[in-house]
2 protein chains.
Amino acid sequence: MNRKAELKRQQIIKAAYQAVSDKGYEAVTLQDIADYANVSKGVPNYYFQNKEDVLAHLLAQITERIYEKEKEAVEKETSAESMLQAYINTVFVSAEENEKFYRVYLDFLAQATKNNRYREINERFYQNCASISKQILMQGAKEKTFVVNDFETAGRAIRTMIDGYMIQWMMTGDHSQHRAYKQACYQAITSYLS
Amino acid sequence: MNRKAELKRQQIIKAAYQAVSDKGYEAVTLQDIADYANVSKGVPNYYFQNKEDVLAHLLAQITERIYEKEKEAVEKETSAESMLQAYINTVFVSAEENEKFYRVYLDFLAQATKNNRYREINERFYQNCASISKQILMQGAKEKTFVVNDFETAGRAIRTMIDGYMIQWMMTGDHSQHRAYKQACYQAITSYLS
DNA sequence: TTAGTTTAATTGACCAGTCAGAATAATTTC
DNA sequence: GAAATTATTCTGACTGGTCAATTAAACTAA
């Protein structure tokens with residue numbers, strides 16, 4: 001019952017993810033989302049308040065999932081360096097997944113400047129990312145692997161470089177450069193932290 | 001004659017800039033652009049092929065102007081450190097101008113993943129930025145102020161951090177943090193280069 | 001049967017681009 | 001230098017199309 005409804009909602013969110021990735025945030029229609037989910041046009045409106053509601057759930061879900069993956073990967077490691085490496089590896093999973101995610105995420109970031117709901121969801125994501133960075137940095141400080149004055153500042157710097165490199169990679173439109181950007185990102189961060 | 005037409009085109013591009021900043025890339029209509037320019041609906045279509053053409057000219061113009069300002073500011077300086085400082089100062093001009101520019105620019109970046117014309121214009125902008133970074137880094141290497149292995153890599157890293165910090169600042173929605181983000185950006189770059 | 005779910009049809013709104021004709025500016029002619 | 005002619009620019013109604021959201025009808029499974 002409620003379980004089945006939850007599955008349906010998942011189905012719609014997943015379809016919305018694919019649809020936004022293919023067509024872009026604004027271009028996407030409820031019809032598209034319904035088509036990708038193999039349901040009729042009315043269904044998304046039945047399970048969600050409106051189009052924005054579907055998309056807000058989508059943003060919340062993809063950022064939450066990314067965070068959980070990152071957290072899990074980092075917590076498996078023990079040394080600061082391997083934690084950082086695991087973090088970067090999880091962020092730069094693969095060209096295909098990264099392109100899909102950042103196409104959608106970038107669209108939401110652009111919207112977030114005018115939409116408080118998206119901004120809040122993203123704010124939570126940033127804070128989650130900051131908590132991961134802090135974990136890595138504290139380990140690094142303990143080991144004396146990294147030189148850290150202020151955890152807050154350094155944590156922000158890490159996410160800055162990740163997002164910055166990812167966007168630049170996106171703009172090249174060249175999947176084969178994925179590995180190179182990942183390494184450049186890792187080196188920029190370690191260079192910053194030493 | 002041709003001069004007058006050019007003024008009119010400028011008027012429309014300027015109006016489009018304001019309109020996109022206020023309403024967002026996709027939400028903006030030709031009617032909005034006409035309204036902001038105080039002309040009737042047909043005028044943008046008279047001076048440009050279509051809506052996308054107006055917006056492509058807008059992107060080309062704002063990126064070109066930013067580049068020219070940055071270049072001019074950097075070339076006034078002589079030491080690597082002051083060049084870098086001048087660069088950052090020009091990027092982080094003021095909260096108001098930065099918000100306006102990045103609101104629009106971020107919208108275009110999101111579009112660029114699906115629009116080759118925008119991607120190419122942005123690519124040119126990236127290359128222009130890279131040439132500025134290179135100028136600073138070469139001076140830094142000569143002075144031995146900065147440690148640089150690869151100009152290409154370091155140049156990209158600089159722009160990465162600038163864009164990353166600017167986006168994070170945008171997401172805070174807090175104008176009063178502008179100065180803090182500027183300094184954080186400067187410190188991250190110098191820290192990376194030493 | 002009936003509550004939950006899905007489909008199909010409808011409504012009302014919006015928009016890009018077109019175009020015919022109006023208005024204005026430039027040029028020519030006498 | 002005024003009138004006539006031509007070129008340029010502007011206007012806004014109109015077209016064809018799209019869309020979100022609503023509604024009512026149909027289906028389904030307990």
Side-chain angles (χ1 to χ4, degrees), chain A residues 1-59 104 107-108 110-111 114-118, chain B residues 1-60 104 107-108 110-112 114-118:
Chain A
M1 200 84 107
N2 212 319
R3 170 107 193 87
K4 212 173 136 193
E6 195 42 50
L7 279 172
K8 208 72 174 179
R9 287 165 69 93
Q10 278 307 317
Q11 185 186 349
I12 292 161
I13 290 174
K14 198 176 166 187
Y17 185 32
Q18 191 60 53
V20 174
S21 170
D22 287 351
K23 317 213 164 183
Y25 176 89
E26 286 277 4
V28 104
T29 68
L30 278 174
Q31 184 70 66
D32 291 329
I33 295 171
D35 289 348
Y36 275 80
N38 277 316
V39 295
S40 85
K41 212 190 135 162
V43 177
N45 268 315
Y46 181 78
Y47 286 99
F48 295 91
Q49 281 172 26
N50 50 35
K51 189 176 158 185
E52 190 193 304
D53 194 38
V54 178
L55 296 170
H57 277 88
L58 167 59
L59 175 62
V104 175
D107 260 329
F108 275 110
Q111 297 301 320
K114 287 144 217 143
N115 182 318
N116 251 320
R117 189 165 171 196
Y118 297 157
Chain B
M1 198 87 109
N2 213 320
R3 171 108 192 86
K4 214 174 137 191
E6 195 42 52
L7 278 173
K8 209 70 176 178
R9 287 165 68 93
Q10 277 308 316
Q11 183 186 348
I12 292 161
I13 291 173
K14 198 176 167 188
Y17 184 35
Q18 191 59 54
V20 173
S21 171
D22 287 351
K23 317 211 164 186
Y25 177 89
E26 287 277 4
V28 104
T29 68
L30 278 174
Q31 185 70 66
D32 290 330
I33 295 171
D35 288 348
Y36 275 81
N38 277 315
V39 294
S40 83
K41 210 196 140 174
V43 175
N45 269 314
Y46 181 78
Y47 286 97
F48 296 91
Q49 282 172 26
N50 51 33
K51 190 177 160 185
E52 188 192 304
D53 193 38
V54 178
L55 296 170
H57 278 87
L58 167 59
L59 176 61
V104 175
D107 260 330
F108 275 110
Q111 297 301 319
K114 286 143 218 144
N115 182 318
N116 250 322
R117 189 164 171 198
Y118 296 159

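Only this structure's heavy atoms are used, side chains among them; waters, hydrogens and symmetry mates stay out. Note that the structure is a prediction, hence the values are computed from the model and not measured.
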Handout entry: Protein-nucleotide distance (Asp35(A), atom CG; dT6(C), atom C1'), rounded to Å
Key = 15 Å
Handout entry: Contact check, side chains of Tyr25(A) and Glu26(B), non-hydrogen atoms, under 4.5 Å
Key = no
Handout entry: Qualifying ring pair (Phe, Tyr, Trp, His ring centres under 6.0 Å) pairs with a residue from residues 26-46 of chain A, counting only residues at least two apart or across chains
Key = none
Each nucleotide N or O in nucleotides 23-25 of chain C that has a protein N or O under 3.5 Å away: list the pair and distance.
none

Problem - Qualifying salt bridge (charged side-chain N to carboxylate O under 4.0 Å, His left out) pairs, either residue in residues 8-18 of chain B, two or more places apart - result: Glu6(B)-Arg9(B)
Practice task
Tell me which residues in residues 20-30 of chain B put a heavy atom below 4.0 Å from DNA chain C, sorted by number, or none.
Solution key: Val28(B), Thr29(B), Leu30(B)
Fill in the blank from the handout: Contacts of Lys8(B) and Lys51(A) projected onto DNA chain D by closest heavy atom; the upstream (5') one is Lys8(B)
Problem - Atom pair CG/CD of Leu55(B) and Gln111(B) - distance to nearest 0.5 Å - result: 9.0 Å
Atom pairs, N/O to N/O, protein against nucleotides 11-13 of chain D, distance under 3.5 Å?
residue	atom	partner	partner atom	Å
dT11(D)	OP2	Ser40(B)	N	2.8
dT11(D)	OP2	Ser40(B)	OG	3.2
dT11(D)	O5'	Ser40(B)	OG	3.3

Problem - Atom-to-atom span, CD of Gln11(A) to C1' of dT6(C) - whole angstrom - result: 12 Å
Handout entry: d(CG, Asp53(B); P, dG17(C)) in whole Å
Key = 10 Å
Handout entry: salt bridge (charged side-chain N to carboxylate O under 4.0 Å, His left out) partners of residues 45-56 of chain A, not counting sequence neighbours, each pair once
Key = Asp53(A)-Arg117(A)
Problem - side-chain contact (heavy atoms from CB on, under 4.5 Å) involving Thr29(A) - partner list, sequence neighbours excluded - result: Gln31(A), Asp32(A)
Exercise for the section: Can you tell me the distance, in whole Å, between the CD atom of Gln31(A) and the C1' atom of dA8(C)? Expected result: 11 Å
Exercise for the section: Round to a whole Å and report the spacing from CZ of Phe48(B) to P of dT18(C). Expected result: 16 Å
Fill in the blank from the handout: Leu55(A) CG to dA20(D) P, in whole Å, measures 10 Å
Problem - Whole-Å gap separating P (dA21(D)) and CG (Asn45(A)) - result: 6 Å
Exercise for the section: Any pair with a residue in residues 3-22 of chain B that passes ring pair (Phe, Tyr, Trp, His ring centres under 6.0 Å), sequence neighbours left out, goes on the list, sorted by first then second residue, please. Expected result: none
Practice task
Check whether any side-chain heavy atom of Gln11(B) lies under 4.5 Å from a side-chain heavy atom of Val39(B), and answer yes or no.
Solution key: yes
Handout entry: Under the salt bridge (charged side-chain N to carboxylate O under 4.0 Å, His left out) test, residues paired with Lys114(A) that sit two or more places apart
Key = Asp107(B)
Handout entry: Residues in side-chain contact (heavy atoms from CB on, under 4.5 Å) contact with Ala60(B), at least two apart in sequence or another chain
Key = Ile121(B)
Handout entry: Which residues share a side-chain contact (heavy atoms from CB on, under 4.5 Å) with Asn45(B), sequence neighbours left out
Key = Leu30(B)
Problem - Separation of atom OH in Tyr47(A) from atom P in dT22(D), rounded to whole Å - result: 17 Å
